[in-house]
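As the structure is a prediction and not an experimental result, all values here were calculated from the model. Index from 1, following the sequence.
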Amino acid sequence: MSFAIKKIDHVQLAGPKGCEDAARGFFSGILGLTEVEKPEELKKRGGVWFEFGTFQLHIGIEDPFSPAKKAHPALIVENIEGLKNHLKEHEIAFTEDDNLPGASRIHVLDPFGNRLEFLEWE
């Protein structure tokens with residue numbers, strides 16, 4: 001092949017019109033992701049972008065909106081027990097899932113109903 005796919009640059013999730021403040025509250029305020037400024041031309045579309053490490057997670061506006069119930073990003077965390085406690089403190093529900101051998105993982109819904117997976121490999 002004359003090309004190679006090297007890594008994921010970003011994952012985009014959808015949110016409803018006007019969701020930016022709720023996205024900031026959850027992804028930055030609860031999960032600790034850093035908001036990054038969108039390019040000027042893309043600001044017109046709404047939404048908000050975040051980053052962690054060398055990756056980005058974008059929340060784009062979808063109208064009409066429908067949350068992703070099955071499709072999801074899976075984010076590796078360090079100290080998943082600490083994340084669980086943090087989510088409990090903020091009254092964020094999660095579902096534990098022990099069906100992946102060698103991993104401790106949970107599923108969380110963002111404020112718009114999109115599924116997120118968090119996992120820590122043993």
Side-chain angles (χ1 to χ4, degrees):
M1 297 176 113
S2 61
F3 67 90
I5 297 173
K6 299 178 105 177
K7 66 175 188 168
I8 291 176
D9 178 76
H10 70 275
V11 171
Q12 179 160 312
L13 296 173
K17 199 173 197 177
C19 73
E20 291 84 359
D21 287 341
R24 286 181 182 101
F26 181 75
F27 290 99
S28 186
I30 301 293
L31 297 182
L33 305 186
T34 302
E35 184 176 349
V36 294
E37 191 161 341
K38 293 177 67 171
E40 203 59 42
E41 186 62 28
L42 298 179
K43 286 181 183 179
K44 300 175 196 174
R45 300 179 184 176
V48 62
W49 292 1
F50 303 95
E51 71 180 0
F52 55 100
T54 60
F55 303 99
Q56 290 191 0
L57 184 128
H58 298 177
I59 305 300
I61 302 303
E62 189 174 274
D63 188 23
F65 170 70
S66 179
K69 296 290 188 185
K70 183 73 172 167
H72 64 277
L75 308 172
I76 294 176
V77 299
E78 182 177 304
N79 188 10
I80 197 160
E81 292 303 318
L83 173 61
K84 290 177 191 178
N85 290 332
H86 181 72
L87 293 171
K88 286 176 189 174
E89 288 171 11
H90 291 288
E91 299 180 353
I92 307 287
F94 59 87
T95 304
E96 297 190 58
D97 183 344
D98 61 358
N99 293 315
L100 183 61
S104 177
R105 68 182 183 161
I106 61 173
H107 293 105
V108 176
L109 297 180
D110 74 7
F112 324 115
N114 293 309
R115 181 179 179 200
L116 304 170
E117 178 179 330
F118 296 93
L119 70 155
E120 182 173 41
W121 291 101
E122 296 172 359

Requested in this report: First locate atom CG of Asp110, then atom CG of Leu57, and finally report the distance between them rounded to the nearest 0.5 Å.
Outcome: 8.5 Å
**Report entry** Between NZ on residue Lys84 and CG on residue Asn79, distance to nearest 0.5 Å
**Finding:** 10.0 Å
Report task. For side chain to side chain contact (heavy atoms under 4.5 Å, CB included), just list the numbers for Phe27 and Leu13, CA-CA rounded to whole Å, side-chain angles, deciding distance to a tenth of an Å, and then say yes or no. Result -> CA-CA 12 Å; Phe27 290 99; Leu13 296 173; 4.3 Å; yes
Report task. Calculate, to the nearest 0.5 Å, the distance between atoms CD1 and CZ belonging to Ile80 and Phe94 respectively. Result -> 8.5 Å
Query raised in the report: Any side-chain heavy atom of Ile30 within less than 4.5 Å of one from His86?
Result: yes
Query raised in the report: Hey, is the main chain of Ala14 close enough, under 3.5 Å, to the side chain of Asn114 for a donor-acceptor pair?
Result: yes
Report task. May I ask whether Val108 and Val11 are part of the same hydrophobic cluster, defined by side-chain heavy atoms of I, L, V, M, F, W, Y residues being less than 4.5 angstrom apart, directly or through others? Result -> no
Query - Phe55 and Phe52 aromatic ring geometry - parallel, tilted or perpendicular at 30°/60° bounds - result: tilted
Report summary line: dist Leu83:CG -> Lys88:NZ (nearest 0.5 Å) comes out at 10.5 Å
Query raised in the report: Do Leu116 and Leu119 belong together in a cluster built from hydrophobic side chains that touch within less than 4.5 Å?
Result: no
Query raised in the report: Does Lys38 use its side chain to pair, donor to acceptor, with the backbone of Gly46 at less than 3.5 Å?
Result: yes
Query raised in the report: What heavy-atom pair brings Val48 and Ala23 nearest, and what distance separates the two atoms?
Result: CG1-CB, 3.6 Å
Query raised in the report: Which pairs with one or both residues in residues 6-19 pass side-chain hydrogen bond (donor to acceptor under 3.5 Å, both in side chains), sequence neighbours excluded?
Result: none
**Report entry** Expected output: side-chain Ser28 to main-chain Thr34 donor-acceptor under 3.5 Å
**Finding:** no
Query - Residue pairs fulfilling side-chain hydrogen bond (donor to acceptor under 3.5 Å, both in side chains) with at least one residue in residues 47-61, sequence neighbours excluded - result: Trp49-His58, Gln56-His58
Report task. Answer yes if Leu109 and Phe50 sit in the same cluster of Ile, Leu, Val, Met, Phe, Trp and Tyr residues linked by side chain heavy atoms under 4.5 Å apart, and no otherwise. Result -> no
Report summary line: CD1 of Ile106 to CD of Glu81, rounded to nearest 0.5 Å, is 9.0 Å
Requested in this report: Find out if a path of hydrophobic residues (ILVMFWY) with successive side-chain heavy-atom gaps under 4.5 Å connects Leu100 to Ile76.
Outcome: yes
Report summary line: Closest heavy-atom pair, Ala22 versus Phe112, reported as atoms and distance to 0.1 Å, is CB-CE2, 3.8 Å
Quiz: residues 59-73 side-chain donor-acceptor pairs under 3.5 angstrom, not counting sequence neighbours:
unit_1	atom_1	unit_2	atom_2	d
Glu62	OE2	Ser66	N	3.4
His72	ND1	Lys70	O	2.7
His72	NE2	Glu117	OE1	2.8

Query raised in the report: Which pair of heavy atoms, one from Trp121 and one from Gly102, lies closest together, and at what distance?
Result: CE3-O, 3.3 Å
